[in-house]
Amino acid sequence: MNVVTSIPTDITPDGTDYDTVRHVIEMLTEDYRDQPSLETIARRLRQSPTQLQKVFTRWAGLSPKAFLQAVTLDHAKRLLRQEGMPLLEASIEVGLSGPGRLHDLFVTHEAMSPGEWKARGGGLTIRYGFHPSPFGTALVMVTDRGLAGLAFADAGEERASFEDMAGRWPNATYLEDSAATAHYAARIFNPERWCAEEPLNIVLIGSDFQIRVWQALLNIPLGKATTYSKIAGDIGQPTASRAVGAAVGRNPISFVVPCHRALGKGGELTGYHWGLTRKRAILGWEAGKG
DNA sequence: ATCGGCATTTGTT
DNA sequence: AACAAATGCCGAT
């Protein structure tokens, strides 16, 4: 399997900014006890505070101060507090495909059970490509029906990321084709290109349970969050919160299916398949878009 | 730190 | 194919 190693860096300036942001988040959460000041952090990164300031505002649309505030537990709790409508309408049936106002990046989704996938999947081709994103390198996977996978990788981890994704659909044929995936990446990570007129087509491939959970995630608007237990309740299995967590963790189209907006009941960021730091980064970034 | 709960996966017969 | 065991972005004690 050929995994490209050269990733273009000139599509979006955010691509390189993320590296800085990631380090800041890591420092902040690792030494949260002694609350390192912005100056301390800047010094440790061998950058001037002004430079850091610039990177943040460019990356998040948020001052460092506002950004820092956005990745705290407090903020997470605030996201949870806003009571929303149920995440899943009772009328939505498993496997039903349809349009909808899902996410703020509008998407239409099509669900495919493993059975359908198998029937069709043996001969199906998945085209993939690596692209810079505000959250590190993104691995985009598409079928002729639409976006099927979105993963992340820190520098040097592209291969592992690819294996992780490819392992989910072992029977597919994989073709490196970043020309085919580039416009997906460009659109997904640019809020200015999110519009209802041309929703993004995505293909959800998973068990009934997983698809119900992922549909619930799609209904969480930008700037809000929910909990695993609430999702469990909304899909009619109030005691299955842990199973919900597992399903959320298997979400193949991260970011687009906003699994980062699922938090623990107390607002903790419990976990993220592509790393907790990234979950914080995405939530912080979104705080600047709301 | 532990344990109940539950979908899925992985390892055994 | 059936079953047991392990695992995971939970949640409560």
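A, B, ... follow the sequence lines: proteins, then strands. Residue 1 opens every chain.
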(request) List the steps and the verdict of ring pair (Phe, Tyr, Trp, His ring centres under 6.0 Å) for A:Phe135 and A:Trp285. (result) CA-CA 9 Å; A:Phe135 316 109; A:Trp285 183 86; 5.3 Å; yes
(message) Dot-bracket for DNA chain C, please. Rules: Watson-Crick or G-U, both distances under 3.5 Å, ( ) within the strand, [ ] when a pair crosses earlier ones, | for another strand, . otherwise.
(response) ||||||||.||||
(message) Of all nucleotides in DNA chain C that come within under 4.0 Å of a heavy atom of chain A, which is furthest toward the 5' end and which toward the 3' end?
(response) C:dG8 to C:dA12
(request) With A:His260 as reference, evaluate A:Lys279, A:Glu286, A:Arg278, A:His273 under the side chain to side chain donor-acceptor pair (under 3.5 Å) test and give the passing residue. (result) A:Glu286
(message) Tell me which one of A:Arg22, A:Arg58, A:Lys54 satisfies side chain to side chain donor-acceptor pair (under 3.5 Å) with A:Asp17.
(response) A:Arg58
(request) Could you check how far CZ of A:Arg168 sits from P of B:dT8, rounded to whole Å? (result) 14 Å
(request) Using whole Å, report how far CG of A:Asn251 lies from P of B:dT8. (result) 14 Å
(request) State which residue, out of A:Ile25, A:Asp154, A:Val24, fulfils the side-chain contact (heavy atoms from CB on, under 4.5 Å) condition with A:Thr277. (result) A:Ile25
(request) Determine, using the 4.5 Å side-chain heavy-atom cutoff (strictly less than), whether A:Leu28 and A:Phe67 are members of one ILVMFWY cluster. (result) yes
(request) Give the C-alpha distance, both sets of side-chain angles, the deciding distance and a yes or no for ring pair (Phe, Tyr, Trp, His ring centres under 6.0 Å) between A:Phe152 and A:Phe255. (result) CA-CA 10 Å; A:Phe152 293 104; A:Phe255 186 75; 7.0 Å; no
(message) Measuring to OP1 and OP2 of B:dC6, would you say a side-chain N or O of A:Gln237 lies under 4.0 angstrom away?
(response) no
(request) Check the pair A:Arg145 / A:Glu110 against side-chain contact (heavy atoms from CB on, under 4.5 Å), numbers first and verdict last. (result) CA-CA 8 Å; A:Arg145 333 270 311 219; A:Glu110 183 174 336; 2.4 Å; yes
(message) Please compare A:Lys265 and A:Lys279 by the position of their nearest nucleotide in DNA chain C and report the one closer to 5'.
(response) A:Lys279
(request) Would you classify A:Ala247 as touching base, sugar-phosphate or nothing, given that sugar-phosphate means primed atoms plus P, OP1 and OP2, and contacts are heavy atoms under 4.0 Å? (result) nothing
(message) Evaluate A:His131 against A:Thr137 for side-chain contact (heavy atoms from CB on, under 4.5 Å), listing each step before the verdict.
(response) CA-CA 6 Å; A:His131 305 277; A:Thr137 301; over 6 Å; no
